[in-house]
2 protein chains.
Amino acid sequence: MRIGEVAERAGVSVRALRYYEEQGLVVAARGAGGQRDYSDSDVERVKFIQLLYAAGLPSKAILHILPFLDTLVATLEMTQRLTKERDRIQARLHDLTRARDRLDELIGFAAQYTESSTAQCPPRVHAPA
Amino acid sequence: MRIGEVAERAGVSVRALRYYEEQGLVVAARGAGGQRDYSDSDVERVKFIQLLYAAGLPSKAILHILPFLDTLVATLEMTQRLTKERDRIQARLHDLTRARDRLDELIGFAAQYTESSTAQCPPRVHAPA
DNA sequence: CTAGAACCTCACGTCGGCGTGAGGTGCAAA
DNA sequence: TTTGCACCTCACGCCGACGTGAGGTTCTAG
């Protein structure tokens, strides 16, 4: 399977896949002529990488986690890393939730001055909380 | 109130505060001698900015949201922006949750091969899900 | 009055995850 | 055989939120 198809299936750019290889995250075999040759499991691997990127992990952290996917052998250090990253994500979930709730609060306020008319309504200006 | 105290109270660096001013997020008055002069409400403002930064909003987005805090007047456009950012955050919450759950899954696997011994245990190598 | 914090303004450095050419090669179809 | 698309390797560009000096001023305590 060539790089273009992997890109499409995994929903990433070709450039991204080359970058992943550069970082040692997904190392493809090479066919005659030097073209990258991916397997089906590589597609899953890429999807997993995307998942972790989306969670804000830097490539080095991912690099330390991936070997576990291959071997399913966990050293103590690896389990600790996994847990550490999980906790980080959990913390970010807290931050994001706080931010969302705060925005919801503001949107609630805003609704009072916006919703019923298409034009502008003259408001009372006062200090917020 | 001078910049150092604001930094400490809001839990950010002095540099960050100057950067916020550069971006138009928090514009402090100036005392004789050119030193920045902040008010108590500026501290709250900075905390709010931090909240939004922590949620991944870029400074331009924050810049568009802040006027609402001052005036409590919401144009339609502003309400839309607020809602848009809220939805973004919601989407990220989904991503992060997925990632966390996946990691929990892996940690569960890892526990089987790590927990009871300090040394390494010879495992069976097979393909993961 | 004087030391030494704390402040000021440039202005360049950083880091990560790619985007984006430039210039050349491989491969399948007509 | 020739088109033409997909692929290849450099290698520089980018953007945002500051960090980090450099070199000078202001404020406060003794």
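Chain naming here is simple, since letters A, B, ... match the order of the sequence lines and numbering starts at 1 in each. For clarity, every value in this text was computed on a predicted model and none was experimentally measured.
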Peer 1: Taking OH from B:Tyr53 and P from D:dC15, how many angstroms apart are they, rounded to a whole number?
Peer 2: 16 Å
Peer 1: Please name the pair of heavy atoms, one in B:Arg92 and one in A:Gly56, separated by the smallest distance, quoted to 0.1 Å.
Peer 2: NH2-N, 4.3 Å
Peer 1: Rounded off to whole Å, could you give me the CE-to-P distance for the B:Met1 and D:dC27 pair?
Peer 2: 18 Å
Peer 1: Both B:Arg30 and A:Gly56 contact DNA chain C. Taking the nearest nucleotide for each, which residue is further toward the 5' end?
Peer 2: B:Arg30
Peer 1: I'd like to know if B:Glu105 and B:Arg102 make a salt bridge, using a cut-off of under 4.0 Å between side-chain N and carboxylate O.
Peer 2: yes
Peer 1: Between B:Tyr38 and A:Ala32, who's closer to the 5' end of DNA chain C by nearest nucleotide?
Peer 2: B:Tyr38
Peer 1: For B:Ile62 and D:dA17, what is the distance between atoms CD1 and C1' respectively, to the nearest whole Å?
Peer 2: 10 Å
Peer 1: How close do B:Tyr38 and B:Arg2 get, heavy atom to heavy atom, and via which atoms?
Peer 2: CD1-C, 4.2 Å
Peer 1: Atom CG of A:Asp40 and atom CE of A:Met1: how far apart are they, to the nearest 0.5 Å?
Peer 2: 6.0 Å
Peer 1: In whole angstrom, what separates B:Glu5's CD from D:dT28's C1'?
Peer 2: 15 Å
Peer 1: Which two nucleotides bound the region of DNA chain C that has atoms under 4.0 Å from heavy atoms of chain B, read 5' to 3'?
Peer 2: C:dA6 to C:dA11
Peer 1: List the atom of A:Val73, the atom of A:Phe68, and the distance in Å for their closest heavy-atom pair.
Peer 2: O-CD1, 3.6 Å
Peer 1: Taking CZ from B:Arg36 and P from D:dT26, how many angstroms apart are they, rounded to a whole number?
Peer 2: 14 Å
Peer 1: In whole angstrom, give the distance that lies between atom CG of B:Leu57 and atom C1' of D:dG16.
Peer 2: 13 Å
Peer 1: Drop me the distance from A:Met78's CE to A:Leu66's CG, to the nearest 0.5 angstrom.
Peer 2: 9.0 Å
Peer 1: If only side-chain N and O atoms count, and only distance matters, is there a donor-acceptor pair under 3.5 Å linking B:Gln35 with B:Arg30?
Peer 2: no
Peer 1: Please walk me through it: do B:Arg36 and B:Val26 pass side chain to side chain contact (heavy atoms under 4.5 Å, CB included)?
Peer 2: CA-CA 11 Å; B:Arg36 269 164 263 250; B:Val26 182; over 6 Å; no
Peer 1: Please report, rounded to the nearest Å, how far the P atom of D:dA17 is from the NZ atom of B:Lys60.
Peer 2: 11 Å
Peer 1: Whole angstrom is fine here: how far is it from CG in B:Leu52 over to P in D:dG16?
Peer 2: 17 Å
Peer 1: Which parts of residues 10-28 of chain B get close to DNA chain D, meaning a heavy atom less than 4.0 angstrom away?
Peer 2: B:Ser13, B:Arg15, B:Ala16, B:Tyr19, B:Tyr20
Peer 1: Would you mind telling me which of B:Arg15, B:Arg45, B:Gln50 makes a side-chain hydrogen bond (donor to acceptor under 3.5 Å, both in side chains) with B:Tyr20?
Peer 2: B:Gln50
Peer 1: By nearest nucleotide on DNA chain D, pick out whichever of B:Pro58 and B:Gly33 is the more 5' one.
Peer 2: B:Pro58
